[in-house]
Structures are given as C-alpha cells and as structure tokens.
Number of protein chains: 2
Amino acid sequence: MITQREIARRARTSLKTVSRVINRDPLVNAETRARIEAIIGELGYTPSQAARMMRSQKSNVIGFISDRVATTSSSIELIRGAQDAAWKAGKQMMLFNVERNSETERHAEEQLAAFRAEAVIYATPYHQSVDRTATRIPCVLLNCFDAVGGYHAIVPDDYRLAYELTSIILDRSYRRPVFLNLPEDIVAAPLRARGFVEAGAARGLDLSGAVHTAVVRDSAGAPVFIADHILPGLMAAAARPDLILCGQDMLAMNVYFALADLGLKVGQDVGVASFDNLHPIAKMLQPGLSTMALPYYEMGAAAMFAAIELDTHPPGIVRVSGRFVERASF
Amino acid sequence: MITQREIARRARTSLKTVSRVINRDPLVNAETRARIEAIIGELGYTPSQAARMMRSQKSNVIGFISDRVATTSSSIELIRGAQDAAWKAGKQMMLFNVERNSETERHAEEQLAAFRAEAVIYATPYHQSVDRTATRIPCVLLNCFDAVGGYHAIVPDDYRLAYELTSIILDRSYRRPVFLNLPEDIVAAPLRARGFVEAGAARGLDLSGAVHTAVVRDSAGAPVFIADHILPGLMAAAARPDLILCGQDMLAMNVYFALADLGLKVGQDVGVASFDNLHPIAKMLQPGLSTMALPYYEMGAAAMFAAIELDTHPPGIVRVSGRFVERASF
DNA sequence: CTGAAAGCGCTTACAG
DNA sequence: CTGAAAGCGCTTACAG
C-alpha cells in the first residue's frame, strides 16, 4: 500500500509537504506541488481515512439509523436526501437499517460509537413517537419525535397538510367530502382529522361527522383496508359524498377498486384525493391520483444539516409542509 | 475520550492485557478479565475502529454501490440481504446510492478506496449489462453482469423464471396465453420470451406468435405501458386469449385497468400472471396478483458472501431462480 | 499468563 | 515555503 512517506521519497521532499498538497494548503511551492500531484495521480494514491480519523480526532461520520425505513419507496427518499446532503458537506453517512429495540439497533449504535460518529439521524417510516433515552451519540429524529422532548425532530405538518388539501378540494366546489382516515393511534390521524374539519369550518361547512376510520389491523398488527366495507353504505346515502379523501395512497387504491365494484367512475362520478404520492402507485392508478406529497427528500437533507450543526442550534421540532400533486382523480 | 491505556491504568494492568480482553484472547487470568470487563462496562468504552483498521491493516469494510437501486421497493431487498449478511460475517457494509458514470459514482469509489474497502458490490435496479473497467477494488456484480466477463455476478435466471411460470399456467389448463413483454433491449425480455415459448413447446403448444411488446419509451426514455392499446384488439379476436402474462407487476396493474375498461373481470373472464411480486402493488391489486417473485434478499446476501470470499472462488455468473407467489389472478 | 516496545499512516504543533 | 518530531489508539511481534 502506498503511503505519503513513499510519495515524499519519490518526490524528493518531506512527508509533511505531501500532506500539505493533499490537504490543499496554499503554502506550497507551485513546482513542488505539481511534482507531488503528478506522482499521486500516477500511483492512484488515496489517503487512508482510518489514519486521518485517528490523528485528527475527527470522524466526519454521521450515522443514519432507519427503523425499517428502507422498505417503503417513499421513505427511501429520506435516505437519499440525507446522503446527498452529507456528500455536499464532506461527511460520510453510515446507514443501518434496523428493527426498533432489537439486536440490530444495538449493533448499529455500537458500530457508530466505534467509528466515533459525530451525530446520528434516527428515522422511522411514518410519523410517530419514539422513546430514545440511552444513546451516547447526539441525535436528530426524522419523521418521528420524542414525547419527552429535548431532541431535534423533523416531522410532517399533518394538520396543515390536511387543511391545505381540504381547502383545495372545497375551492373546487366539492361540498360533501368524506375522510377515510388511518387508525386513530397513528399520530397523523387526529391531526389530519382536525385539519380536515377546520378547513371545512373556515368555509362554513360542518365536516365533523364526515371522518371515518377505514384501516384496521389484523391479529398480527398488519394494516387491513376496509374501504370496500365502508363505501357501499356511504355511497348509498341520499346526499352521496362527492369526494373521498383517503388517509394514504394505498387506501386510495383500495377505494378505487371499491368504487369500481359499485359501478362508480373515479374523477367523474366521485372525486378521490389522498396523502403520500406513493411511487409508483399514485401515478399508475387510472385515473392518476391527485395527492398531497410529503417532501421526504428535503426532510432527509434537513435532518442531515441539523445533525452536522447539532451543537450550534437549540433543539426543537420542525414541521414541514407538503406539495399538492395534481393528476386526474378530482 | 477513553482509551485502552486509561482502562489499563484503572485496572492496574497493562494496555496489552486490556487489548486481549477486548479481543477475546483466552489467555487472560479470569479475575483480571472480570476486573477489566467491569471497568469497560462502567465507562461504556468501545474500541476505536479507526485505530484498529490502521494498526491491523484490515478495514473489514465491504462497499455497496447501488445504481439507483434504492428507489424501487423490491430492489431495496438487495440492500437488506447484503447488510444482514455483512453483519453476520462481522463486516461493515458501506452503502452509496449513485447514478451510473456520474460524479456520485466516482465519489463512492473514492470513499471506499479511502476506507480501504476489501471488496465492492455493484448493484443495479434490474437485470442488465454493465461496463466496469477502471476499479481498484475487487468487485461482485449484483443484478447485472459484465459483457466482457471476468467478474463475479449474481443475476436472476430469467429464462427459467419464465419457463416455470408458463409451466404452472399451462398445467392449470390455460391454452391461449399471451405474453405482454418488456422492451426487447431489456436483458430479461428475450430470455423470458424464450422460456415462455419453450415451455409451450414442451407441452405441444406453439406460443411463438403470442409474444407482444407492451412497454415503450417516451422521449425522455421513461417507460410507458401500452396494454390499453394492445388489449382491445387481442381480446376481440375469435380465439380470445385466456391469460395475460405480464413482463412486470406495474404492467400488470396497467392490464387490470385495461381489462376493466373492456368489461372483463381478472381471474374470472381472463387470467393475469406476472413477474416481480412488487410491494405493495401485487398484494393491493384486486384480485391479488399471482406473480413470480425474484429472491432479492437472498441475492443480496449471496453477493455479500461472494464479496467476502472473493479471492477463494473463481469468478462466474450465478443465476438464481424465483418463487411463485400465488394469489387470485389466475 | 503478562507486558514493554514498535509502528500502522497520517496530522498537529512547532521550529526554522 | 519546508521539515523533523511527536503522537492519535490501537495491534503485532517478541520476550519473558
């Protein structure tokens, strides 16, 4: 393995001067610099990160612990955003996909401690509360928050997401929307219900009776979509809903099939709106699903920047808003 | 920061003995060991990975360069499989999501060189040919292969996947299947077409006229599904197809909508089969899509094991078979 | 079973 | 503008 000492020998100069060239110290004679750079290029030399870390007492490593994030395509964007931000900042991101409170999580924390990571981003696949107590490494929470507080956290502003989406819906003259919501123990569910109802109230509409839970759990805790059970009754009413707002795009897909079974055409007989912009479902549905996208990429990037500048900012929760993606479902 | 020297001082022993305890060297007095372990636990000490790498001249790092793999949910499994295998082998996997031949790829290679990675896995989001020449680090190709050869490569056995799926279809008495295939420049397409036709021939059926390309590209190169253009003609024929085999699950979704437009019920009027088992689409379609799953998790794990034992095995292409996931679409 | 010495490949701190 | 010395925190190689 080539070292700076070897390069110095070949360039007939000292180890230290080679180090200066590599670290872009301007105080090097131009000719000497050129000679050294030529040799480095020729030999394909790259300085040892391990030696640098050790001597400089700086790892430049930021950890990213993802609680099963890497299994849904939208939350992958959290990782991409963080990775790109790390690159721009000259940091090395180390990713660990774990299951919460399992051995995998302990392993990740240990590896990050061994690498002397400067900070850690802890991400969850959907907005939820977590309980982080026993970590040695400073932490930024992403898509989750700690009930006790005291952490930096970046989460979607679910209330606002629902308020804005409902406003768009009502501005298009829909007057009898129903909201097929996620289970109430999901953090987003009550926040969105409130946004939905308050956006209605702001336009003189009472939507408080128009919120239904359309996702339940099976015995294993896996989500089961029951739009096909709920919609027949709802759509048979005298004042039939003119739009179905869905708690997530997967539920919207379930709604598409349920409406087809009822002989109703999405976008014509009844509007459908949703949250997520889940790739590739939102686009592949026919008609394409108009939905509120969460800016996962930007959230990941924001978390990385927060992690890098952790000590210079006071902790707090940042709520990010979304972007309406218009297709053809309402 | 705590060091082994500090622990040795507190335990009234030498640095070397502490090192022995940490590295599970059995030649340590039990009492001394207990004393040292107690102090380590108390202080929450973790040995510096940087120092270990440097002194032992062994990084224990395996790189994973993914060419946009981290954007489709099925190929995420490649990453999970590799990560878990690395963990089991006591290796540290370093992941880089890149775009091929871009600056991001060069950055990844440089970082991995700086960390003195022992090997690299290069993964693509679907089976394809790549051109890898200028790398210093030994490499395993995952879901791709090098036309020139000389690399370890792990790829799906597309011919066999199609042969087996077609055999299942024909064994269920379908007699007029059509294959809506991917574009011909996709590596999998001709292999699967051959598997389809040969499985038919093995049962005395000539399927050579039953293969159609149902995915084209727009001006930007993005895939466009055209089942809705192809199916009306096909389904109007006197000898109407009794099953549509789709080149991928997203195309199958397109087919579901096209068949609905024609007033045909999937699973009753006509069967649908596919390749991928794409999460969550295959499961969310109604009826659920019966499809040939690619074992991405296992492929990722196999690539990691190959990367770890790179020099002890001769290079070659490993073709992996799939697993039929039965739902209700045929 | 234990330990003193050397050294991995760099950067730091200092002296010219 | 340049360089000699020290040392980051470990493991290796060796000697008891």
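Here is the naming used below: chain letters follow the sequence lines, and residue numbers restart at 1 for every chain. Worth saying up front: this structure is predicted, and the values here are computed from it rather than measured.
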Quiz item: Think Arg132(B) forms a cation-pi with Tyr122(B), using NZ or CZ under 6.0 Å from the six-ring centre and within 45 degrees of its axis?
Solution: yes
Self-check item: DNA chain D: stems of at least 3 consecutive Watson-Crick or G-U pairs whose donor-acceptor distances fall under 3.5 Å
Solution: C:1-3 with D:14-16, C:5-12 with D:5-12, C:14-16 with D:1-3
Quiz question: by atom type and distance under 3.5 Å, do the side chains of [X] and [Y] form a donor-acceptor pair?
{"X": "Asn143(A)", "Y": "Thr124(A)", "value": "no"}
{"X": "Gln4(A)", "Y": "Arg9(A)", "value": "no"}
{"X": "Arg100(A)", "Y": "Gln128(A)", "value": "yes"}
{"X": "Asn60(B)", "Y": "Arg116(B)", "value": "no"}

Exercise. Sticking with atom P, work out how far dA13(C) lies from dC1(D), rounded to a whole angstrom.
Key: 22 Å
Practice problem: For nucleotides dT2(C) and dT12(D), find the distance between their C1' atoms and express it as a whole number of Å. | Solution: 16 Å
Quiz item: How far apart are the closest heavy atoms of Ala307(B) and Ala119(B), and which atoms are they?
Solution: O-CB, 3.5 Å
Quiz item: For Glu31(B) and dC1(C), what is the distance between atoms CD and P respectively, to the nearest whole Å?
Solution: 12 Å
Quiz item: Could Arg323(A) and Glu298(A) be called an ion pair, given the rule that one side-chain N must be under 4.0 Å from one carboxylate O?
Solution: no
Exercise. Just jot down the side chain to side chain contact (heavy atoms under 4.5 Å, CB included) partners of Asp157(A), sequence neighbours excluded, or say none.
Key: Tyr159(A), Arg160(A), Arg319(A)
Quiz item: Would you say dG3(D) has OP1 or OP2 under 4.0 Å from some side-chain N or O of Thr13(A)?
Solution: yes
Exercise. Summarise protein proximity over nucleotides 6-16 of chain D in one line of letters, 5' to 3': B for base, S for sugar-phosphate only, - for none, counting protein heavy atoms closer than 4.0 Å.
Key: BBBBBBBB---
